[in-house]
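Just so you know, residue 1 is the first one in the sequence shown, and it goes up from there. In each ligand, atom 1 is the first atom listed, and ligand 1 is the first ligand listed. We use all heavy atoms of the structure for the numbers below, so side chains are in, but hydrogens, waters and symmetry mates are not. The shown structure was predicted, so the numbers you read here are calculated from the model rather than taken from an experiment.
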Amino acid sequence: MLPMKANTPIPDDLAPVMNALCRVAADLSDLIARGPLGGRLGASVGNNTDGDDQKALDVMADDVFAAALKGTGIRWYASEEQETVNEIDADGTLALAIDPLDGSSNIDVNVSIGTIFGIQPALDSGEATFLRSGRHLRASGYFIYGPQTALVVTFGDGVRQFIFDRATATFTETETVPTVPASASEFAINASNYRHWSAPVRAYIDDCLAGVDGPRAKNFNMRWVASLVAETHRIMCRGGIFLYPGDARKGYEQGRLRLVYECAPIGFLVEQAGGRATTGTAPVLDRVPDSLHARTPFVFGTIEKVDRVTSYHDLPEREASALFANRGLFRA
Ligand SMILES: O=P(O)(O)OC[C@H]1O[C@](O)(COP(=O)(O)O)[C@@H](O)[C@@H]1O
Ligand SMILES: [Mg+2]
Ligand SMILES: [Mg+2]
């Protein structure tokens, strides 16, 4: 039985890939739902090439996705968990970048985690294929393993949503789709890094925190799940803004998130859903990765908010610093 029940056809050449991704996501969803009954999924098993702690589920998810893509038209497979690009089928015409398991610090604590993917045409060289801007993506999306397991995907013509129906083991398309609302009052950022941020980011967050008493004359709420997929799903449904800026910590000059596996696929999806996705200063889809595992500062969500962050970056450095000095709520 097909693992997807779609209201309208999925592009012919992408359907085998999508079916394979859905089959694996269905199995992962069942495994994740069993929690500790399914084994020690959150156990540390080593480090990936970026030095990130790898959990058992990170490695398992990578293995099963790669295996399932054989014979689906994928030539090149680039995974956050692997150092180099793998060739799956020499005669494939497509390339897939994947964060097999996103939000892995949440595996053991029963909080939503996910899978992020982007699909583009394959060039003769695997590396050259992925070292292009996100403008080359044909499709991108995520699976969220939460109270519902869902697939949210774009094929470049708006956004589609499928909910995993456990009764039929089928990802069933919904009539309504998440579209980033034009106004909202939530922001998401890891505020524990406040002291490491640049002046424009501090000034933006200070103005949110100042609420009705500050220049925005409005109160804001804050959320931080530490699963990019979960933050994305919330913003797709309810609006708001997500920021993971570059900061002054060693190794975080370009933030934490990976352009190829996380930010370009999410950026494409968010734009298709009526939102905006940038590096803080320019469209993230225009950014060309200089290496497979390149990181990028990432800001996305409701257009008006994301544009405001860009305008704070446009201020001359002296002005942004003055804003921070005047408005900083964390001054001693
Ligand atoms: O722990 P931090 O610095 O707040 O970072 C959280 C971010 O890191 C991530 O967990 C990185 O993804 P992985 O779990 O795939 O490494 C994002 O999902 C999340 O937005
Ligand atoms: Mg991730
Ligand atoms: Mg990951």
Side-chain angles (χ1 to χ4, degrees), residues 21 24-25 28 32 41-66 77-83 96-109 111-118 140-146 186-197 201 205 222-236 240-267 269-270 277 280 284 289 292-301:
L21 294 177
V24 174
L28 285 179
I32 290 162
L41 303 179
S44 202
V45 293
N47 291 98
N48 64 19
T49 48
D50 282 342
D52 292 341
D53 189 27
Q54 269 182 320
K55 314 284 190 194
L57 192 59
D58 284 321
V59 176
M60 193 188 302
D62 182 36
D63 289 346
V64 286
F65 277 117
Y77 176 86
S79 164
E80 182 192 56
E81 301 305 334
Q82 297 193 32
E83 190 170 352
L96 181 131
I98 192 164
D99 177 353
L101 205 287
D102 174 67
S104 46
S105 71
N106 284 318
I107 295 170
D108 275 343
V109 293
V111 167
S112 297
I113 51 183
T115 296
I116 305 169
F117 61 91
S140 73
Y142 60 80
F143 292 93
I144 180 167
Y145 313 108
E186 278 178 347
F187 65 93
I189 191 165
N190 184 340
S192 69
N193 298 320
Y194 181 90
R195 70 190 185 283
H196 305 297
W197 296 336
V201 173
I205 297 299
M222 196 191 88
R223 293 283 182 270
W224 188 251
V225 185
S227 286
L228 176 60
V229 160
E231 319 274 10
T232 305
H233 198 65
R234 186 189 63 250
I235 289 172
M236 297 277 285
I241 185 168
F242 171 100
L243 305 94
Y244 209 123
D247 66 48
R249 287 173 296 164
K250 197 169 178 311
Y252 283 80
E253 298 80 3
Q254 296 297 316
R256 174 183 173 128
L257 302 173
R258 290 87 175 164
L259 179 53
V260 171
Y261 315 108
E262 295 172 313
C263 305
I266 296 291
L269 191 66
V270 164
V284 77
L292 209 49
H293 293 268
R295 294 166 191 245
T296 179
F298 195 29
V299 178
F300 70 86

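With hydrogens and angles disregarded, no donor-acceptor distance shorter than 3.5 Å links the side chain of Ser140 to the backbone of Gly118. The closest donor-acceptor contact from the side chain of Glu262 to the backbone of Ile116 lies at 3.5 Å or more, if one exists at all. A donor-acceptor pair is defined here as one N or O able to donate and one able to accept, closer than 3.5 Å; no such pair exists between the side chain of Asp102 and the backbone of Ser227.
Thr115 meets the side-chain hydrogen bond (donor to acceptor under 3.5 Å, both in side chains) test with Tyr145; sequence neighbours excluded. Scanning for ring-ring contact (aromatic ring centres under 6.0 Å, His included) contacts around Phe143 gives Phe117, Phe171, with sequence neighbours left out.
Enumerated by chain and number, the residues approaching ligand 1 to less than 4.0 Å through a heavy atom are Glu80, Asp99, Leu101, Asp102, Gly103, Ser104, Asn190, Trp224, Ala226, Ser227, Leu228, Tyr244, Arg256, Leu257, Arg258, Glu262.
A donor and an acceptor atom, one from each side chain of Gln54 and Asn47, are nowhere located under 3.5 Å apart.
Ring centroids of Phe242 and Phe300 are separated by less than 6.0 Å, placing the two rings close together.
In this pair, Tyr261 and His293 present their aromatic rings tilted. The plane angle is within the 30 to 60° band.
Within the protein, the N, O or S atoms sitting under 2.8 Å from the Mg ion (ligand 3) are Glu80 OE1, Asp99 OD1, Leu101 O.
Comment: Glu253 does not engage Arg295 in a salt bridge, judged by the lack of any side-chain N to carboxylate O separation of less than 4.0 angstrom.
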